[in-house]
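Remember, it's a predicted structure, so these values are computed and weren't measured experimentally. The figures that follow rest on heavy atoms only: side chains count, while hydrogens, waters and symmetry mates do not. Chain letters run A, B, ... following the sequence lines, proteins first, then strands; residues in each count from 1.
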Amino acid sequence: MAAKRAAITGNDPQTKVPSFRYTASLANQIESKWQDHWDERGTFHTPNPAGPLSDPARVAAREKLFVMDMFPYPSGAGLHVGHPLGYIATDVYARFKRMMGMNVLHTLGYDSFGLPAEQHAIVTGIHPRINTESNIANMRRQLRRLGLGHDQRRSVSTTDEDYYRWTQWIFLQIFNSWYDEQAGRARPINELIALFESGKRDTGNGPWSSLSPKERGEILNRHRLVYLSDAPVNWCPGLGTILANEEVTADGRSDIGNYPVFKRNMRQWTMRITAYADRLIEDLDRLDWPEPIKLMQRNWIGRSEGARVRFASTAGEIEVFTTRPDTLFGATFMVLSPEHPFVGRLVTDDHRAAVRDYQERARSLKDADRQDDTRDKTGEFTGAYATNPVNGNQIPIWIADYVLMGYGTGAIMAVPSGDQRDFEFARKFGLPIVATQQPPDAWFADRGIEPTLDCSAWPEAFVGEGTYVNSKNDSLILDGMTSMSTAKSSMNVWLESNDYGTSAITYKLRDWLFSRQRYWGEPFPIVYDEHEAPVAVPLELLPVRLPELDDFKPQALDPNDDVTQPIPPLARVQEWVNVELDLGEGKKRYRREVNVMPQWAGSCWYELRYLDPTNDQSFVDKEVERYWMGPKHEGHTGGVDLYVGGVEHAVLHLLYSRFWHKVLFDLGHVSSVEPFHRLFNQGYIQAYAYRDARGQTVPANEVVERNGEYWFGEEKVTREYGKMGKSLKNVVTPDEMYDEFGADTFRLYEMSTGPLEASRPWNTRDVIGMQRFLQRVWRNLVDEDTGSLRVSDDTAPVDLLRETHKAIAGVAADMQNLRFNTAIAKLIELNNALTTHVTEHGATPRVVATALVQMLAPLCPHVGEELWERLGNSDTVTYVDFPQADPALLVEDTIEIPVQVNGKLRSKVTVDAGESDDAIKQLALNDPKIVAIIGNAQPKKVIVVPKKLINIVL
RNA sequence: GCCCGAGUGGCGGAAUGGCAGACGCGACGGACUCAAAAUCCGUUGUUCGCAAGGGCGUGUGGGUUCAAGUCCCACCUCGGGCACCA
């Protein structure tokens, strides 16, 4: 490694390297000098308009900008070179905007609760807090070395007691709220109680005053935005713990130990995010987010309009949800989810064993697999029948795993002629298929069959607009209609007037399961009283701290014992669970909630705590929130001005945060309607990995390429492409890059390899290019032998000035649009022109040097500061104005216009920039090469794109 | 499987529907050097041609247009998400 480094930097003691060459070691000196300087001066301390971090004078007259990265989980492995991509990009942008005069807030915290620390604790017995804190310390060191302009005072961790105190407080805000459908917003639960007490709202169970505390609690539980419900968990008795989905293998066993895993219901906290489904869809239109992400969120929420229809059966009325009530006449059977509560009552004796067997098999499947449409359809007949309300037909009731209990009502009416899954099911089990629409002739033609209403000839279901057939009864006629929406509404009216159903809207979105049976998470600020009713722990008793544990290992049970109740880790600490508190009724015994919150909780609101991290009176000061995140104008959502992170968070994190933010807005705690106004998705950095003949990975940094083949020593190896990771032996760390090249070169390389949104491979070999560029810049400004400045006050030649101003205009535009790769290319072009000048004249004109350093500073802040100082400036370059392009220097005297014949490039003509289109056209037609091609032919058309191109069409 | 995205030289990539390959790496050649490194200058999509010049070329197959990497349709391959990894 040492030899390699010497070769790259030219620092080999055997050779004469100029003393002031920009080598890795010089870069390292410069970098630590400026990192210390920034820390000492608090260069990036960002003023607030109010509160402990306020400095009104520095806030005044500066436009604000809040830039944010998705914060990291502090992993034990530390950072690899993939992590900083987004952090560097936001830093460059933030620094650029500071130079444009804005008051920029930029920091980075840690999402430090989570599964890996707990797993580490189970294995090592070391407390997750100790492990987490040392991981954070290591990441802070790595990030400081990168030269990020963060306000360190605002760097919070979700595991800080000062932080999760407020996470618990927000939980209670949500707990103490209900969604008022009429007002379309959340309101305090006390206002609902008042409505019940006054009789203005019906409890559905008699007068409020006559209800027992338990009954009142149950009613409120049905309205609270956080409520208790029974939901399944992956219980693994062999490990004595509940497993995350990713810890369960495809065949339903534990990843660790390969023990059986059982789905068990547990009482769990659930967030009523579905109450916000419509607002979460509608407000997407007001956000500056990538369109694909909006689409993913819309699809995830999955709003669909249709109808609920009730079918009579021996077990009572079965309600189904359908998006196609217009096809009800074609419903020839019904399918229930295997978990549907009616199944036990419906099933006839001769089918009982087979049905139970099928239910058992479905239980072990994952939802994603159950929805796999390529699987062979499976199902079981219950022996029971339901009545189709439109025609009175008796239709068989089946159960099948492709119907999920969590969506709609857990039961469907099957219309095989109009739904592909139902079609396949009917074909497989020989169930009748009746057409309700006549598909257009083209549909049949595409499938190579003659038009027919006999569905036995159809290769698949027909989904689309067609003329309705076979769809009439005494009081409803759809036959002859051609519009799906007319048919749907006709059917809905009929269903409602005959009391068989109602039009309805459902969502794919499910309420958010908020409990985790873990240790390393926020404890719930909830205790249970003697009636098992949940009671909020008041603010002054927050945070509810995690109890200490001696042993993080759960108690393993018989691997096949699916009877014993799962015990979460906190339940083992009896002295913590049982507590005596005065919650307004005098001192009483209470039992603490033993679940903890999911990791999402802390990341649902951290943007707000960045604003006011030291406030102990409120989670964020209202004025501070309004300044940094408030709406900019009528109709504006407010929120973070730029939020950068990976697409992997497209749905869950971003949806959960939006939900919490909207609740806080409804309750009047924040002025912004959305947490993140503008979102940008960065790509990933991936890496090559190499395997030998036995399939073992070999260290990637020791593999060499020869003639397109890859060699590890004398052994030929194969290359693959994937994530960076320990197991692939292809991790490259920022620390290695700092040592070999310095942080500025590393930053430049990461920004230069492609557009921010694109994923790309890491290639250490290529980093040298950016170091050479910085060396050239340095050499153009500083004498490598003496260290003295090579800058002259002579006037710069106009060509070089033109290059400079072209670069200023281009670089500013590119930085504004987060296109750092092309900004860097433009700086290289300018520097290449400058190198030619310096080679000839021996020095850089001062105006060019100044502009170049200012433009470089956001990308490479250390060398930027160093050169800025050497140019004779005493203050940091951080708040110096970005250079402005002189429009007079941006116009060219002459332009070259390509001339095409029939769209093919045949010649070029050079004209004065001010030449008229007609003159250019004549010039093109008279061009000798063009004359030779068109000869005597008369052009049909000549297209002139002003100042761009001529195309002669023959 | 479902939802979303991406495919351009040897490699990373550039290109408001208007000259495909900016910029960087690598490779090749030259200058400097005893030599090498570093540095500076140049060449580098592919193919036919001595050359002038021409043909072909943005995952595959169609289409729209005077003009398509860019827009539309179908397909192939790769990446992300699928609710307890974050």
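Contact annotation: Lys294(A) does not reach the phosphate of G5(B) (side-chain N/O to OP1 or OP2, under 4.0 Å).
Residues Trp300(A) and Gln686(A) each lie close to RNA chain B; by heavy-atom proximity, the contact nearer the 5' end of the strand is made by Gln686(A). Projected onto RNA chain B by closest heavy-atom contact, Asn299(A) and Glu829(A) fall at different nucleotides, the more 5' of which corresponds to Asn299(A).
Enclosure of atom CG in Leu652(A) by more than 12 non-hydrogen atoms of other residues, nucleotides or ligands within 6.0 angstrom is indicated.
Remark: A14(B) base-pairs with no nucleotide in the shown strands. Criterion, Watson-Crick or G-U wobble with two distances under 3.5 Å. Nucleotide C78(B) is matched to G5(B) when pairs are restricted to Watson-Crick or G-U wobble geometry with both distances under 3.5 angstrom.
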task = Step by step, work out the side chain to side chain contact (heavy atoms under 4.5 Å, CB included) result for Val596(A) and Phe113(A).
result = CA-CA 11 Å; Val596(A) 297; Phe113(A) 277 123; over 6 Å; no

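The interatomic distance linking Gln775(A) (CD) with C25(B) (P) rounds to 11 Å, in whole Å.
For Arg760(A), whose side chain is taken as the heavy atoms from C-beta onward, the closest listed nucleotide among C23(B), A14(B), G12(B) is G12(B). Listed nucleotides G18(B), G13(B), C84(B) differ in distance to Tyr656(A); the shortest reach to its side chain belongs to C84(B).
Nucleic acid contact for Val651(A): none, since no nucleic acid atom lies under 4.0 Å from a heavy atom of the residue. Residue contacts for Asn902(A): at a heavy-atom cut-off of 4.0 Å it reaches no nucleic acid atom on any strand shown. Residue Ser752(A) is out of contact with every strand shown, counting any heavy-atom pair closer than 4.0 Å.
At distances below 3.5 Å, at least one donor-acceptor pair connects side-chain atoms of Thr844(A) with backbone N or O atoms of Asn780(A).
Taking atom C1' in both G54(B) and C50(B), one finds a spacing of 15 Å when rounded to whole Å.
Residue-to-nucleotide contacts include no donor-acceptor pair under 3.5 Å from the side chain of Asn245(A) to the base of C84(B).
No side-chain donor-acceptor contact under 3.5 Å links Gln771(A) and Gln775(A).
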